[in-house]
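Chain naming here is simple, since letters A, B, ... match the order of the sequence lines and numbering starts at 1 in each.
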Number of protein chains: 2
Amino acid sequence: MQHVTEAVERPARISRRRADKVEERRRELADAALLTLSELGYARTSLREIAQNSEFSHGVLHYYFRDKVDLITYCVRRYKAVCVQRYDDVVATATTAPALADEFAAAMAATLVADGLMHRLWYDLRSQSLFEASFRDDVAAIDASLERMIERIVARYAQLSGRPPVCGTGAAYAMFDGLFQQALWRHLAGDPQAPDTLRADVVQMLAVVTGTA
Amino acid sequence: MQHVTEAVERPARISRRRADKVEERRRELADAALLTLSELGYARTSLREIAQNSEFSHGVLHYYFRDKVDLITYCVRRYKAVCVQRYDDVVATATTAPALADEFAAAMAATLVADGLMHRLWYDLRSQSLFEASFRDDVAAIDASLERMIERIVARYAQLSGRPPVCGTGAAYAMFDGLFQQALWRHLAGDPQAPDTLRADVVQMLAVVTGTA
DNA sequence: CACGAATCTTGACAGTCGTCCAAGGATCTT
DNA sequence: AAGATCCTTGGACGACTGTCAAGATTCGTG
């Protein structure tokens, strides 16, 4: 067996146990790849370096992935699964508009500090997708799911504050994404008050977006 | 002579004409590099490819630049010189708030179409600066000058519309940058209405930022 | 014109890269 | 236990990289 990606319809005699084991190993290798990518960035990440961050040798990567692009797109999809779902309980628990704003802003600031390196990778890969069309579909999917997340936040905030949003969800996502990106840059450049600035900006922007500023 | 970058205090007998010629050649090579970078992106641009986009051989690059990083940081600075100054006549000519908004939005949409590849490079290099500290200072300088440009636009718009901005310039820049980035992604992915969407979003965002939406 | 300095080309260097493959160990089926 | 299949290793391959230096070429100046 080789290039497991498109081998969905493999001979029936291969047990599900084996298939699960393969998928588990792919995840394991993808995690090592994500670790390496978030440390070095796309331009400086090699397959040998990825293998050194795992417990296997570099040859095994071509057993579980067709090529480097296949591995990295798998990583991008896996990244999405880990990343998006964190904000949805914020919108579920908050009962007033200011509380929602505070919790959302706090969640963003916490993400900035805790997962800054991962998001650095995200912006790197999104830039790469401007050049390498192979990544484009996965990047678009992640972007769409992030936009839906923002949409839920804004809609709930508008509902709680009794005012409809004054701009579309695309524009709202672009704004919050821009804020986060700028904060990430400052944070990684060593600015100690980047999280707090982000927090204040996010609270204010939620107000602006609903015309309550 | 070698590594012209730090040779500001070279022997006085070398004429200014020669020094100018050197600077001219550096610009020439940097333009070839910028062309290559905007086509291939940072990760896939090699010195030999740059030289092929110029009329020289690859060896000459190390005659005019210390190393690859020196060349690319020079490119980034040159990029800034070309890029920023386009918007300042917009703020000078517009006499009403709606006119300013329209002209600014039209200028951004035009930039999107005309210099999309150059801005793709900008976002690529800004991402690289999250990993490679060498680029950080130049990227920060460009970001600051772009932010000042946005500040002038917003301030003038606020003045013309008689309402003060409802958010800081940092946040305003982050928002417009996010909008442009998202529009660029869609534009390069083939969305034909990306420029018009950007235009509408920018007009609306100017209103939002002054609380007139 | 001729000499020296500035400029440019060419080829080589030591690495690294993605990819592939032969070989053998590990694991499962019968 | 034996045979078949899966898994992993480690090395080899050719292509490509940044860098450098020696030689060829061009240029300005006496």
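A salt bridge links A:Arg78 with A:Asp31: at least one charged nitrogen is closer than 4.0 Å to a carboxylate oxygen.
Taking atom CD on A:Gln52 and atom C1' on C:dC17, their separation rounds to 14 Å, with Å as the unit. Atom-to-atom, CG of B:Asp20 to P of D:dC27 comes out at 18 Å; the value is rounded to the nearest Å. Taking atom CG on B:Leu61 and atom C1' on C:dT7, their separation rounds to 13 Å, with Å as the unit. Look at NZ on B:Lys21: it is 8 Å from P on D:dC27, rounded to the nearest Å. Summarising the geometry, the separation between CZ on A:Phe65 and C1' on C:dG18 is reported as 15 Å, rounded to the nearest angstrom. Taking atom CG on B:Asp67 and atom C1' on D:dG18, their separation rounds to 9 Å, with Å as the unit. Distance CZ (A:Phe56) to P (D:dG11): 19 Å, rounded to an integer number of Å. Atom CD in B:Glu28 sits about 13 Å away from atom P in C:dT7, given to the nearest Å.
The side chain of B:Lys68 lies closest to D:dT19 when the candidates are D:dT19, D:dC7, C:dG18. When distances run from any side-chain atom of B:His58 to the nucleotides C:dT9, C:dA12, C:dT19, the shortest one goes to C:dA12. With D:dT19, D:dG10, C:dT19 as the choices, the nucleotide that has an atom nearest any side-chain atom of B:His62 turns out to be D:dT19.
Between the side chains of B:Thr111 and B:Tyr87, at least one donor N or O sits under 3.5 Å from an acceptor N or O. Side-chain polar atoms of A:Gln182 and A:Arg186 form a donor-acceptor pair below 3.5 angstrom. There is a side-chain donor-acceptor pair under 3.5 Å between B:Gln128 and A:Arg44.
Residues passing the side chain to side chain donor-acceptor pair (under 3.5 Å) test with A:Arg136, sequence neighbours excluded: none.
Near DNA chain C, defined here as any heavy-atom distance below 4.0 Å, the residues from residues 38-51 of chain B are B:Arg48, listed numerically.
Below 30°, between 30° and 60°, or above 60°: for A:Tyr123 and A:Phe180 the angle between ring planes is between 30° and 60°, a tilted geometry.
At least one test fails for B:Lys68 against the ring of B:Phe135: distance under 6.0 Å to the centre or angle within 45° of the axis.
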